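If you're wondering where the values come from, they're calculated on a predicted model, not measured in any experiment. All ligand and atom numbering here is 1-based and tracks the order in the structure.
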Amino acid sequence: MLQNEVASSQGIRIRRRPPSGPPLHYVGPFEFRLQNEGNTPRNILEEIVWNKDKEVSHLKERKPLISLKKALENAPPARNFIGALRAANERTGLPGLIAEVKKASPSRGILRENFDPVEIAQSYEKGGAACLSVLTDEKYFKGSFENLEAIRKAGVKCPLLCKEFIVDAWQLYYARTKGADAVLLIAAVLPDLDIKYMIKICKLLGLTALVEVHDEREFDRVLAIEGIELIGINNRNLETFELDISITKKLLEGERGKIIRERDIIMVGESGLFTPEDIAYVQEAGVRAVLVGESIVKQSDPGKGISSLFGKDISI
Ligand SMILES: O=P(O)(O)OC[C@@H](O)[C@@H](O)c1c[nH]c2ccccc12
């Protein structure tokens, strides 16, 4: 079966690449775009994935896997991402915070003009974040691997999640060489076999995998994969940008919530959390960690933004 067919049999709507070549067709002196013939991305997530696929194939030429494997020898050691979340949850009685270093997003535009990633990271750490998430996609989120590397090199102790659109195992090695402790795997993009394979590589590299789901079908697929320890529920639909924090609650009700508790999987509530009431709502739903960007990165002092988000100082 072709890659896109395997994916669609699992309910994945995102195609990994344009089905029939590049979108521009040269016809005599005219260049035009053929709409709706399979070569136009159907939504923003698909556009990002197509772009990432091209970006990675170029990067791979410059830095083949063999050179990354060598660079691993000099990479800073991987730290315990889940341990940090558990410890914070036990210490505060509130969900452990993964604070996101995020300059912009396709749905919200620029979030912060004067953006100093190291300063923001240090402020988050001081404010009581357990872990940090660093956007590395340049085109859509104005992030970079330089930011990730700089934060790691500045001595920030919070474990770091490389927030990237992973479509190729090569990216796992790359993230690790840049100092990542964890990576994001998006179930809306990756078929089961890719997730299984990537989780194995993550374990080999000492990376924690945060596997992200948005609906019941994705959640059930991920629960059927062995060795899953950390699952995020994204309240934002990456295809439509629709945001609804009741998704976290809906997915954790009933049987699924029971399985999570039995297996002691840490659930992360992601996106759209702005107030202490939002935090209490997702905690009540069953999450032991939250991933927050917008509401704290926009504050002039992002560390203090954490106190407003939780309704109390969680740094002590
Ligand atoms: O800024 P917010 O609404 O607090 O969201 C943070 C984080 O959940 C969001 O950036 C995110 C979650 N999953 C993603 C996948 C790709 C890009 C971004 C994301």
Could you identify the single nearest non-hydrogen protein atom to atom 11 (C) of ligand 1 and state the distance to 0.1 Å?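 Here the nearest protein heavy atom works out to Lys163 NZ, 2.9 Å.
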With heavy atoms under 4.0 Å as the rule, classify the contact between [X] and ligand 1 as side chain, backbone, both or neither.
X	result
Leu243	neither
Glu100	side chain
Arg236	side chain

Show me the pairs that pass side-chain hydrogen bond (donor to acceptor under 3.5 Å, both in side chains) and involve residues 70-79, at least two apart or across chains. Arg79-Asp181
Can you give me every donor-acceptor pair (side chain of residues 80-92, partner residue at least two apart or in another chain, under 3.5 Å) with its distance?
{"from": "Asn80", "atom 1": "OD1", "to": "Ile82", "atom 2": "N", "distance (Å)": "3.4"}
{"from": "Asn80", "atom 1": "OD1", "to": "Gly83", "atom 2": "N", "distance (Å)": "2.7"}
{"from": "Arg86", "atom 1": "NH1", "to": "Asp264", "atom 2": "OD2", "distance (Å)": "3.3"}
{"from": "Arg86", "atom 1": "NH2", "to": "Asp264", "atom 2": "O", "distance (Å)": "3.2"}
{"from": "Arg86", "atom 1": "NH2", "to": "Asp264", "atom 2": "OD2", "distance (Å)": "3.2"}
{"from": "Asn89", "atom 1": "ND2", "to": "Leu94", "atom 2": "O", "distance (Å)": "2.9"}
{"from": "Arg91", "atom 1": "NH1", "to": "Ile314", "atom 2": "O", "distance (Å)": "3.2"}
{"from": "Arg91", "atom 1": "NH1", "to": "Ile316", "atom 2": "O", "distance (Å)": "3.2"}
{"from": "Arg91", "atom 1": "NH2", "to": "Ile314", "atom 2": "O", "distance (Å)": "3.2"}
{"from": "Thr92", "atom 1": "OG1", "to": "Ala88", "atom 2": "O", "distance (Å)": "2.9"}
{"from": "Thr92", "atom 1": "OG1", "to": "Leu94", "atom 2": "N", "distance (Å)": "3.0"}
{"from": "Thr92", "atom 1": "OG1", "to": "Leu94", "atom 2": "O", "distance (Å)": "3.3"}

Flag side-chain contact, heavy atom, 4.5 Å: Leu291 against Glu212: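 A side-chain contact is absent here, since even the closest heavy-atom pair is not under 4.5 Å.
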Would you give the length of the straight line joining atom OH of Tyr173 to atom CG of Asp168, rounded to the nearest 0.5 angstrom?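 Reported to 0.5 Å precision, the distance equals 11.0 Å.
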Asn234 heavy atoms within 4.0 Å reach ligand 1 at atoms 12 (C), 13 (N), 14 (C)
If the cut-off is 4.0 Å to any non-hydrogen atom of Glu294, which atoms of ligand 1 fall inside it?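 By the 4.0 Å cutoff, the relevant atoms are 1 (O), 2 (P), 4 (O).
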Would you check whether Leu291 reaches within less than 4.0 Å of ligand 1, judged by its heavy atoms?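 Per 4.0 Å heavy-atom rule, Leu291 contacts ligand 1.
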May I ask whether Ile296 has any heavy atom positioned less than 4.0 angstrom from an atom of ligand 1? no
Less than 6.0 angstrom separating the ring centers of Phe145 and Tyr174, yes or no? yes
